[in-house]
Novice: 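For reference, the structure I am asking about is given below.
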Amino acid sequence: MTGGEPGTTRRFRGPFARWPRAADAILAVAAFLVTVLLVDGPGDSMAIRPIGDLPIAVLLVFAAVSAALYWRRRAPLLVLGLSLGSWLILLVSVDADVDAHLGFVTIIALYSVGRYVTAGQWAKGEAAVVATIVVVNLDGLGDPTPWWETAVFGGIFMFGAWYIGRRLQLRAERAAQLRRERAAEARRIVTEERARIARELHDVVAHRVSLMTVQAGAAKAVIGTDRDAAVAAIGAVEEAGRQALSELRDLLGVLRPQAESDDLGPQPGLTDLPRLAEQFRDAGLDVSLSTDGVPDVPDRVDLFAYRIVQEALTNVLKHAGPGALAQVRVSAGGGGIVIEVVDNGRSLGGQATGSEPGGHGIVGMRERALLLGGTLDAGLRPGGGYRVMAYLPTGEETLS
């Protein structure tokens, strides 16, 4: 069942997302080794520098700045400031003739500023980009390369590192905002659905049930002394019951306006699933159905089970399209019945869709299961398609 929500395929999560602290520790060690050991060779080549060629003071500076990368997520501006400050110190120190620049660490720190600086500190982040470009140009003053080449290419490179981090941060913020909006929308739908059911049940049915209770109590009180009055009271209970049933049928139409046109007849149940499957086959859906070993269940469970299967197949047809394969399995288990509806997420064109259905469908199915004291889970399958799994208990104390 695929077709609407987050272009949601499961996203790959690399080591920096799965194990951020361990990944940052490894990054700090790698940055230290690169800074200490790698040096420009003849032409554009790279050479390995013996660690003994570096003064102890320079080695300690490299170690401190590289180790600071471990805190690049929590204090990115501080890490960049330490890197730039150390770079400037080495530029003006007696060790300036040693190829001791901290460009690799600074690039990582600058990316981290773009990626992790909060919205309220963006002005500081942009100032940090300018400061970095200034340091890069100072470092290039002694090079034989023309100054403007260092300014242009160094500025573009450093700005690019910050900009990549900034774009990733903005994308993450938009994704988080979208998740919050979807969660709020789901809560709103659930609240509206429950309020609507409760309001209709109270306004339309509650007074009938109250009348039945009063009349039954009156019949009980006079049945031994006034038989005619007791019969009249029981007749009133019967009439109120008929009216309540009629109003409940109307209520179903209010809550589900798209109900079938024959909703005044007997409500469907599990025995009607073969006919339901055939209707979806006629619409172009390849449906397989298994209901072996399903026991007799209370009427409310029978109806809700049918509606869950009906809604799930409707979602398959709507989101995966004609030609998709849907498998429906209904079985007994755990003191109730288990309903599973899975699809392959493929239409006649053979294209797999990769997102979840939205709207009231999933919410409505879950509310039906919860009203019976059961559960319902729905989500994308790892191999493609969609899966709905519901458990409906059949005990007498389910509806409360």
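Atom set for the values below is all heavy atoms of this structure, side chains included, hydrogens, waters and symmetry mates excluded. Along the sequence shown, the residues carry numbers beginning at 1.
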Novice: Write down the atom of Val79, the atom of Leu69, and the distance for their closest heavy-atom approach.
Specialist: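 Residues Val79 and Leu69, closest heavy atoms: CG1-CD2, 4.0 Å.
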Novice: Looking at every heavy atom in both Ala67 and Ala28, which two are closest together, and how far apart are they?
Specialist: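 So the two residues come closest at CA-CB, 4.2 Å.
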Novice: Is it the case that over 12 heavy atoms from other parts of the model lie below 6.0 angstrom from the CG atom of Leu60?
Specialist: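 For Leu60, atom CG is crowded (more than 12 foreign heavy atoms under 6.0 Å).
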Novice: How are the rings of Tyr163 and Phe159 set relative to one another: parallel (under 30°), tilted (30 to 60°) or perpendicular (over 60°)?
Specialist: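 Rings of Tyr163 and Phe159: parallel, under 30°.
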Novice: What's the verdict on side-chain contact (heavy atoms from CB on, under 4.5 Å) for Leu78 and Trp71, showing C-alpha distance, side-chain angles and the deciding distance?
Specialist: CA-CA 9 Å; Leu78 183 61; Trp71 291 275; over 6 Å; no
Novice: Looking only at the side chains, is there a donor atom on one of Gln310 and Arg307 sitting less than 3.5 Å from an acceptor on the other?
Specialist: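 Result is yes, a qualifying pair exists.
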Novice: Could you walk me through whether Asp377 and Arg387 satisfy the side-chain contact (heavy atoms from CB on, under 4.5 Å) test, starting with their C-alpha distance in whole Å, then the side-chain angles of each, then the deciding distance to 0.1 Å, before giving a yes or no?
Specialist: CA-CA 8 Å; Asp377 294 315; Arg387 176 175 180 264; 5.8 Å; no
Novice: Looking at Pro76 and Val117, what are the two nearest heavy atoms and their distance?
Specialist: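 Looking at all heavy atoms of both residues, the closest pair is CG-CG2, 3.7 Å.
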Novice: Among Leu303, Leu392, Ile337, find the one that has a side-chain contact (heavy atoms from CB on, under 4.5 Å) with Val297.
Specialist: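 Among Leu303, Leu392, Ile337, the one meeting side-chain contact (heavy atoms from CB on, under 4.5 Å) with Val297 is Ile337.
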Novice: Please determine whether side-chain contact (heavy atoms from CB on, under 4.5 Å) holds for the pair Ile107 and Phe157, giving the CA-CA distance in whole Å, both sets of side-chain angles, and the decisive distance to 0.1 Å.
Specialist: CA-CA 9 Å; Ile107 289 171; Phe157 199 79; 3.1 Å; yes
Novice: Can you hop from Leu317 to Leu380 via hydrophobic side chains spaced under 4.5 Å?
Specialist: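 Yes, Leu317 connects to Leu380 through the hydrophobic network.
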Novice: Contact between Val338 and Val330 at the side-chain level, heavy atoms closer than 4.5 Å - yes or no?
Specialist: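 The answer is no; the side chains never approach within 4.5 Å.
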Novice: Do the side chains of Leu270 and Thr291 get nearer than 4.5 Å, heavy atoms only?
Specialist: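 Of all side-chain heavy-atom pairs linking Leu270 with Thr291, none is under 4.5 Å.
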Novice: Closest heavy-atom contact between Ala332 and Pro295?
Specialist: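 Reported closest heavy-atom pair: CB-CD, 3.7 Å.
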Novice: Heavy atoms, side chains only, cut-off 4.5 Å: are Val105 and Phe62 in contact?
Specialist: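 Heavy-atom side-chain distance check fails, nothing below 4.5 Å.
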Novice: Going by heavy atoms in the side chains, are Ile362 and Tyr386 under 4.5 Å from each other?
Specialist: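 Answer yes - side chains close enough.
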Novice: Under the side chain to side chain donor-acceptor pair (under 3.5 Å) test, which residues partner Gln177, sequence neighbours left out?
Specialist: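 Counting only residues at least two positions away or on another chain, Gln177 forms a side chain to side chain donor-acceptor pair (under 3.5 Å) with Arg180, Glu181.
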Novice: Is the shortest heavy-atom distance from the side chain of Leu82 to the side chain of Ser86 under 4.5 Å?
Specialist: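 When only atoms from C-beta onward are counted, Ser86 and Leu82 do touch, with a gap below 4.5 Å.
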Novice: When you measure from the side chain of Arg366 to the backbone of Leu376, do you find a donor-acceptor pair of N or O atoms at a distance under 3.5 Å?
Specialist: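 Yes, because the side chain of Arg366 sits within donor-acceptor range (under 3.5 Å) of the backbone of Leu376.
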Novice: Apply side-chain contact (heavy atoms from CB on, under 4.5 Å) to residues Arg368 and Leu371 and explain how you reach the verdict.
Specialist: CA-CA 5 Å; Arg368 288 184 182 276; Leu371 283 172; 5.6 Å; no
Novice: Is it true that, when you exclude Asp282 itself, more than 12 heavy atoms of the residues, nucleotides or ligands shown sit nearer than 6.0 Å to its CG?
Specialist: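 Counting neighbours around CG of Asp282, more than 12 heavy atoms of other residues, nucleotides or ligands fall under 6.0 Å, so yes.
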Novice: I'd like to know if Arg182 pairs up with Glu185 as an ion pair, taking the criterion as any Lys NZ or Arg NE/NH1/NH2 lying under 4.0 Å from an Asp or Glu carboxylate oxygen.
Specialist: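 No, no charged N to carboxylate O under 4.0 Å.
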Novice: Quick one: CE on Met389 to OG1 on Thr375, what's the gap to the nearest 0.5 Å?
Specialist: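 Rounded to the nearest 0.5 Å, the CE-OG1 separation comes to 9.0 Å.
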Novice: Can you check salt bridge (charged side-chain N to carboxylate O under 4.0 Å, His left out) on Glu278 and Arg275, steps first, answer last?
Specialist: CA-CA 5 Å; Glu278 191 61 36; Arg275 180 169 58 88; over 6 Å; no
Novice: Atom CZ in Phe104, atom OG in Ser83: separation rounded to 0.5 Å?
Specialist: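 Answer rounded to 0.5 Å: 11.5 Å.
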Novice: Decide yes or no for Leu59 and Phe32: does some side-chain heavy atom of the first lie under 4.5 Å from some side-chain heavy atom of the second?
Specialist: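 Contact flag for Leu59/Phe32 side chains = yes.
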Novice: Mark yes or no for whether Asp24, through its side chain, and Arg21, through its backbone, hold a donor-acceptor pair below 3.5 Å.
Specialist: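 No; zero donor-acceptor contacts below 3.5 Å.
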Novice: Would a 4.5 Å heavy-atom cut-off, applied to side chains only, mark Leu170 and Arg166 as touching?
Specialist: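 When only atoms from C-beta onward are counted, Arg166 and Leu170 do touch, with a gap below 4.5 Å.
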Novice: Please check this pair: side chain of Thr394 against backbone of Gly335, looking for a donor-acceptor N/O pair closer than 3.5 Å.
Specialist: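 Yes.
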Novice: Are side-chain heavy atoms of Arg329 and Val342 found at a separation under 4.5 Å?
Specialist: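 Contact flag for Arg329/Val342 side chains = yes.
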Novice: Please enumerate all residues that pass side chain to side chain contact (heavy atoms under 4.5 Å, CB included) together with Arg227, with sequence neighbours excluded.
Specialist: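 Partners of Arg227 under the side chain to side chain contact (heavy atoms under 4.5 Å, CB included) test: Val231.
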Novice: Could you pull out the closest heavy-atom pair between Arg72 and Ile108, with the gap in Å?
Specialist: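 Here Arg72 and Ile108 meet closest at CD-CG2, 4.3 Å.
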Novice: Does Tyr116 offer a backbone N or O that forms a donor-acceptor pair with the side chain of Arg73 under 3.5 Å?
Specialist: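 The answer is no, because no donor-acceptor pair under 3.5 Å joins these two groups.
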